[in-house]
Amino acid sequence: MSKTPLLDQLESGPWPSFVTDLKRMAAKKPQVKDLLAQLERSYQEKITHWKHGGIVGVLGYGSGIIGRYSDLAETFPGVEHFHTMRINQPSGWFYTTKALRGLCDIWDKHGSGLLNMHGATGDIIFLGTRTENLEPCFAELTANGWDLGGSGSTFRSPSCCLGPARCEWACYDTMEACYVLTQEMQFDMHRPSYPYKYKLKFSGCPNDCVAAVARADLSIIGVWKDDIRIDQAAVKAYAGGELKPRGGATPYAKLDIKADVTDLCPTHCMSYDGKKLAIDNRNCNHCMHCINLMPQALRPGTETGATLLLGSHAPILEGAQLSWVIQPFIVMESPYDEFKELNVRITEWWAEHGKNRERIGELILRLGMREFLEAAELPPAPQQVRIPRANPFFFWQQSDFDAEAKGRKYYTREGFDVE
Amino acid sequence: MALSKAELVEHIYKMVEAASGKRQLKASDLWKAVLKEHSELDKKDVQTAIKELIDGGRCVYTYFGGSYVELPRVEAAAKKG
Ligand code: HEM
Ligand code: HEM
Ligand code: SF4
Ligand code: SF4
């Protein structure tokens, strides 16, 4: 009889199973045999047998290694230490076969051979090694051009969609921006000096393939400022069924332009009279719905950049939040100085005022968007309004009276006045 | 009184040492405390001094929910049991 009946059930579904992978690796690596046995035991007892390590790492770095120990080391000596290493991924997760083989060889030599491609931060995850293997493994990684990524209270490894490498909708070079910021922030990535984690994610368009709006403290989402480009002949071809909706990626043979496209536009800014498609671009909120359905007829405009949103995180001190707009449009072009400087103002304000384990989004909830915008030197803009106000009170500040005395209206900073 | 680079490193080491076993200090606790007494310094100076302590192995970064700067010690979780 199998020693792992509960885990075996996980192999019975239609999908690839991590249990099958573990069994294959167990033939080669004794620690993986112990891993399977300890996991089966956890399934029986319904408790974890992992303990957190708080101290292991490589010399000089305060991040990139996540300590794990078994509390059943006597029974399962192979998993007595089972630390995780995070390795910073390349932008867009492009590898040569040679690079992948190199990574696997290093991990076969220094660890369990188990990988997770990729973790939630986008890093390459090496699962399971002993403390004494960390330095040699790190040395071999760096000799081959790799480095550890972020963990703990640091700037986490940024990640991005593959953007212009393969996608016609990219509104800026996500991979370059991600790479440049990764290099720029090396100190803060390896040496924890923030109140808690801080993540950047770069998506090339509002489809947001890396889910930046939900998973990054600072979400950089590509957008266009001008009009959606329309090819009326292609619209006709969609209407006539010569072109398939969504590039053929739906079961439907033919698009009903009114029912499927214009009626579902969230701001009702489109119309179709059976011949011509019209868009009131001032009211388009760049949701990508129409473009996704008719990629050959509609394309994003040509005046492109990104919208910056801030504050998303999983439930920690407060419940989960999505990022919300702090800057409606920014040009994203090398060397990204405007973006880098803003990023520093954001993290400085947070480092100064944030409590331990308080994410930037939670700090804004606590101190208010007004304080944040002033510190980040961002002008207030209608796009920053997340929900209509429900609080009838307005608290005037001295700076408002000063502004009024100078003949300006309501706002505090020179040049920031609301017209 | 202005601190030299070497004195700043020692000053920070003493803070970490004094807190050891009582309170876990974060990098930001250290720079806030130092800047309060020494307004002539800036955050970068303190971060560089912490880096020196870490690179020399006199202090280590630890992680217990958040990240701290502490004296090296034996990992409790590594012990059997
Ligand atoms: C310049 C004089 C006054 C000012 C500035 C003032 C201001 C206010 C404010 C800000 C509220 C709260 C409104 C809300 O939350 O919806 C309020 C409610 C109220 N005020 Fe006045 N008030 C004044 C005079 C008075 C006087 C003279 C009385 C009674 C003799 C009074 C009785 C009340 C009552 C009973 C409420 C509650 C109403 C409710 O909740 O439906 N107020 N007042
Ligand atoms: C033991 C005595 C009192 C108790 C237990 C009490 C309790 C309360 C409570 C629970 C509220 C609602 C707060 C809220 O909705 O957030 C309130 C509001 C209010 N109370 Fe009292 N109250 C007392 C005495 C008084 C007195 C003596 C006055 C007037 C002379 C007064 C005037 C008001 C007013 C005007 C409001 C409305 C405030 C607003 O809507 O902004 N209360 N009170
Ligand atoms: S987020 Fe947009 S640009 Fe990036 S891959 Fe997805 S659809 Fe393309
Ligand atoms: S992108 Fe969205 S909001 Fe804009 S026109 Fe298309 S469907 Fe409407």
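Here is the naming used below: chain letters follow the sequence lines, and residue numbers restart at 1 for every chain.
Contacts of residues 122-135 of chain A with chain B at a heavy-atom distance below 4.5 Å are absent; not one residue qualifies. Of all residues in residues 62-69 of chain A, those placing a non-hydrogen atom less than 4.5 angstrom from a non-hydrogen atom of chain B are A/Gly62, A/Tyr69. At a heavy-atom cut-off of under 4.5 Å, chain B is reached by A/Gly152, A/Ser153 from residues 147-158 of chain A, listed in order of number.
For the atom pair A/Ile55 CD1 and B/Phe64 CZ, the distance stands at 4.5 Å (nearest 0.5 Å). Distance check, rounded to the nearest 0.5 Å: NZ of B/Lys43 to CD of A/Glu352 gives 8.0 Å. Separation of atoms NE2 (A/His353) and OG (B/Ser28) is listed at 12.5 Å; rounding is to 0.5 Å.
Closest non-hydrogen pair, B/Glu75 versus A/Val56, comes out as OE2-N, 3.6 Å. Considering every non-hydrogen atom in both A/Gly53 and B/Ala77, the closest pair reads CA-CB, 4.3 Å. Taking all atoms of both residues into account, the shortest heavy-atom contact from A/Tyr196 to B/Tyr63 is CE1-OH, 4.4 Å. Between A/Ser193 and B/Gln47, the closest heavy-atom pair is OG-NE2, 3.4 Å.
Other residues, nucleotides and ligands place more than 12 heavy atoms under 6.0 Å from the NZ atom of B/Lys26. Heavy atoms of other residues, nucleotides or ligands lying less than 6.0 angstrom from CD of A/Glu140 number more than 12.
With sequence neighbours left out, the side chain to side chain donor-acceptor pair (under 3.5 Å) criterion links B/Arg73 to B/Glu70.
Only the backbone of B/Val74 comes within contact range of chain A, with heavy atoms under 4.5 Å apart. Contact of A/Phe187 with chain B is made through the side chain alone, with heavy-atom distances under 4.5 Å. Of the two parts of A/Arg191, the backbone and the side chain both hold a non-hydrogen atom closer than 4.5 Å to a non-hydrogen atom of chain B.
Between chain A and the options B/Pro72, B/Ala27, B/Ser67, heavy-atom pairs under 4.5 Å are most frequent for B/Ser67.
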